[in-house]
2 protein chains.
Amino acid sequence: MSAHEPGQNASPLRLGIAGLGTVGTGTVKIIRKHAKLLSARCGRPVTITAVSARDRMKNRDLDLSDYDWEDDARALAVRDDIDVFVELIGGDEGIARASVTEALRAGKDVVTANKALLAIHGQELAELAEERGRVIRFEAAVAGGIPIIKSMTESLAGNQIRRVMGVMNGTCNYILTRMENGGLPYEAVFEEARQLGYLEADPTLDVGGIDASHKLAILAAIAFGTRPSFDAVEIEGIERVSIDDIRRAADMGYRIKLLGVAQMTARGLEQRMSPCLVPADSPLGQLQGGTNMVVVEGDSVGQIVLRGAGAGEGPTASAVMSDIVEIARGVRMPSFGQPARDLATPQAARTAVPAAYYIRLQLTDKPGALAKVATMLGDAGISIDRMRQYGHSETAGVAPVLIVTHKTTPEAIDHAMEALPRTGVIAGEPIELRIEEV
Amino acid sequence: MSAHEPGQNASPLRLGIAGLGTVGTGTVKIIRKHAKLLSARCGRPVTITAVSARDRMKNRDLDLSDYDWEDDARALAVRDDIDVFVELIGGDEGIARASVTEALRAGKDVVTANKALLAIHGQELAELAEERGRVIRFEAAVAGGIPIIKSMTESLAGNQIRRVMGVMNGTCNYILTRMENGGLPYEAVFEEARQLGYLEADPTLDVGGIDASHKLAILAAIAFGTRPSFDAVEIEGIERVSIDDIRRAADMGYRIKLLGVAQMTARGLEQRMSPCLVPADSPLGQLQGGTNMVVVEGDSVGQIVLRGAGAGEGPTASAVMSDIVEIARGVRMPSFGQPARDLATPQAARTAVPAAYYIRLQLTDKPGALAKVATMLGDAGISIDRMRQYGHSETAGVAPVLIVTHKTTPEAIDHAMEALPRTGVIAGEPIELRIEEV
């Protein structure tokens, strides 16, 4: 095949779209609005045969009368008159997983925006697709409209990838940005985000870092040619980021971001999602609100930065269309950039790459307290780059102390965080955040 | 075909590489270093059959003994034992154009980094390729390692593109950045760049905005489905940007960038390359040194920003490899995202989209001088957003005046720039720069 052979009279690519939430309705709208443009770009028309959703009666402000309706996505998935099953239901189990599996078994190609499904069952689904000579594509699963899957799978295919990292959950970035700009505590902004409808039904998916970790696991698989291994991501959410930390970090020229980082080291594949400090004037540091950013480092290309809307109807539907156009053009790409059966099983490694760390603690008002902390850190092999002690609070009788360390290992930091309370001069739990080199 | 069918025993993709400068040697190095990785990702080996360059004896720090040598790129282009002709010679005429044409006629696919060739002869070459069922691909021609061609042709194919813009000449951005950071005049930094080898043999290609305009014309063709029309780009280089303008712009929160902008309007296709003011804290404003950035605005995706190294051995060779891998995987994409014969002939339009403008002039020390200028601008329909008059220079007896206008048309600005000297209160020529909304 070739994109420029079939001409306008070629047979249409017939879609079955399951799920008519934000992304589903956005996808239908693009196909209706840009029928001519898509036909010119694909060399054939792209048409919708049938759709499916939970509630047929819901007002979607969308004319669906041209399409057959299926109450059951699984029935849609196996219809003889569709070529591609577009799964926009969501969730890593249930109807989404079942219908995608049945579509592949029935010889359909699949396009999905489902990060959880891909991160958890991606290996099995990619192998199933490839056994059947089908594809399962998922540009919309990671970072909304940002073309990161295609860029990594195709554009950077001549590179050994060194590191991939990103801010990939718009809700968390909204919360952190709003805390900083409004000077508001986490709980208040969380509640605000809930009322604005920015949070998933289970907000842990967002603020617990799980959604972003699904995305990171998918990127790591493509970057390093390894099976997606979501279970091996070290995950920490943004719940313990306080407005104090945001302010103190800003004082020292940093911003706090929920940052995912994956890199292959001699010890194995490190994947972690955690609140990190990044320089306020770096591209990642400047990211405001719901915008996403992915940074890829390759041995030839150096650092590539991609930035755009990480969610929302238009951007996510744009990414869904990227996969649909690819299939319409006859391009058949393996899910993770090489045959799924050839992907290596990664050796999961806890983060060992050294970094500078930010430590915040409450020092009690005792003589020699600061010296005790400094000595303890020195004993743990941690050397101090910068330290700031703020004035004692009159009510609590404690003084906030900020420390930025020189590069040290996560192991040494873990050790120090355990040992610090035993110095007897610390009130409460000390906080540590990694300062990621970006 | 499919990327996951052939397996490792499939026939290799055989390359003939013409041109062994920075990009050519970089490409050979990647193919040697990553043979296994490329084979896994392409489903077949990628091999080099033969190479060609002007001087066989030149020391390239590269073992070429495995490859046949051709003194003449045209002979290389038509060899029976190559599948893809990789043109890394450069120049829009001569041996580059001849060898690419002959390769396509001989039934070879072509990969090139040659922006001038594509901008000027892209239509003819794409039509030739498509008539023969071949492809000519050029990811490396625009913005080095940034995957902009693939992103626009494929990832954003579901969007109507509204505007594409970018900083795409690293040398110009280096010069402007260095002027600002070093407080140096244009001439001094130009000389510095020349000595560092940053300038093309004909420096007008860089500082005159021509190289960047080649890239803009290519992007516009993909964005708007129109024939590449380099001749219609309104081009202005950076030669008249003074350190004064850089400083005054910075005072008001702007940076000056050589910015290319293409957009389709009701009047036609506007393409312009010119020094523009952008907010200092915008992604474009923050671009330092040789880094490139392309910003694409689509009706669904919103704004996507891509950033990376715009030149250099590794990044450019990485982009060349993107095309080679695409062809090795059997993906056959039309050059400009749809059949070349279907591309519309664009109606070229002079820039008419209104913008704010920055005006700098030297006011003579006469009573009512500033009022005369303000009146004249008002008569031209231009309203003033901000105005600053600096102190009179004692030697010259003139005072620099800066004006930022509200949004106005380029036509009104042109009229004002002609009329200003006639007020009799201006010394020398006034300077105007567009403030692009980014």
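FYI, side chains are in, hydrogens and waters are out, and symmetry mates aren't considered; it's all heavy atoms of this structure. All chains are named by letter (A, B, ...) in the order of the sequence lines, taking the proteins before the strands, and each is independently numbered beginning at 1.
- With respect to chain B, the highest number of heavy-atom pairs below 4.5 Å among A:Asp299, A:Val325, A:Val296, A:Ile324 belongs to A:Asp299.
- Interatomic distance, OG of B:Ser335 versus CD1 of B:Ile136, reported as 6.0 Å (0.5 Å rounding).
- Between chain B and the residues A:Gly26, A:Ala157, A:Gly145, the most heavy-atom pairs under 4.5 angstrom are made by A:Ala157.
- Distance check: B:Leu269 CG to B:Arg227 CZ gives 14.0 Å after rounding to the nearest 0.5 Å.
- B:Lys33 touches chain A through its side chain: at least one heavy atom from C-beta onward sits under 4.5 Å away, while N, CA, C and O do not.
- Heavy atoms of B:Asp323 lying under 4.5 Å from chain A are absent altogether.
- Contacts with chain B were tallied for A:Gly158, A:Ser151, A:Gly144; A:Gly158 has the most, counting heavy-atom pairs under 4.5 Å.
- Neither the backbone nor the side chain of B:Glu313 comes within contact range of chain A, judged by heavy atoms closer than 4.5 Å.
- Annotation: maximal heavy-atom pairing with chain A below 4.5 Å, among B:Lys29, B:Lys150, B:Met321, B:Met293, occurs at B:Lys150.
- When heavy atoms are compared at a cutoff of 4.5 Å, B:Ala317 does not approach chain A at all.
- Comment: B:Glu127 does not engage B:Arg341 in a salt bridge, judged by the lack of any side-chain N to carboxylate O separation of less than 4.0 angstrom.
- Contact of B:Gln303 with chain A is made through the backbone alone, with heavy-atom distances under 4.5 Å.
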Checklist entry - Under the side chain to side chain contact (heavy atoms under 4.5 Å, CB included) criterion, do A:Val295 and A:Leu284 qualify, and how do the steps go? => result CA-CA 9 Å; A:Val295 178; A:Leu284 281 165; 4.1 Å; yes

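- Using a 4.5 Å cut-off between heavy atoms, B:Leu156 touches chain A through backbone and side chain atoms alike.
- Heavy atoms of B:Leu37 lying under 4.5 Å from chain A belong exclusively to its side chain.
- With respect to the salt-bridge test (charged N to carboxylate O, under 4.0 angstrom), the residues A:Asp109 and A:Arg332 qualify.
- Between A:Phe138 and A:Phe336, the distance from one ring center to the other falls under 6.0 angstrom.
- With no hydrogens or angles considered, no side-chain donor-acceptor pair links A:Glu297 and A:Gln263 at under 3.5 Å.
- For the set A:Pro283, A:Gly298, A:Pro315, the entry with the most heavy-atom pairs within less than 4.5 Å of chain B is A:Pro315.
- Taking CD of B:Gln160 as the reference point, atom CD1 of A:Ile30 lies at 11.5 Å (rounded to 0.5 Å).
- With respect to the salt-bridge test (charged N to carboxylate O, under 4.0 angstrom), the residues B:Arg137 and B:Glu326 qualify.
- With chain B as the partner, the residue from A:Gly302, A:Gly308, A:Gly337 showing the most heavy-atom pairs under 4.5 Å is A:Gly337.
- Using a 4.5 Å cut-off between heavy atoms, B:Ile304 touches chain A through backbone and side chain atoms alike.
- Considering only heavy atoms from C-beta on, B:Ile148 comes within 4.5 Å of B:Glu139 through its side chain.
- Only the side chain of B:Leu38 comes within less than 4.5 Å of a heavy atom of chain A; its backbone N, CA, C and O stay farther away.
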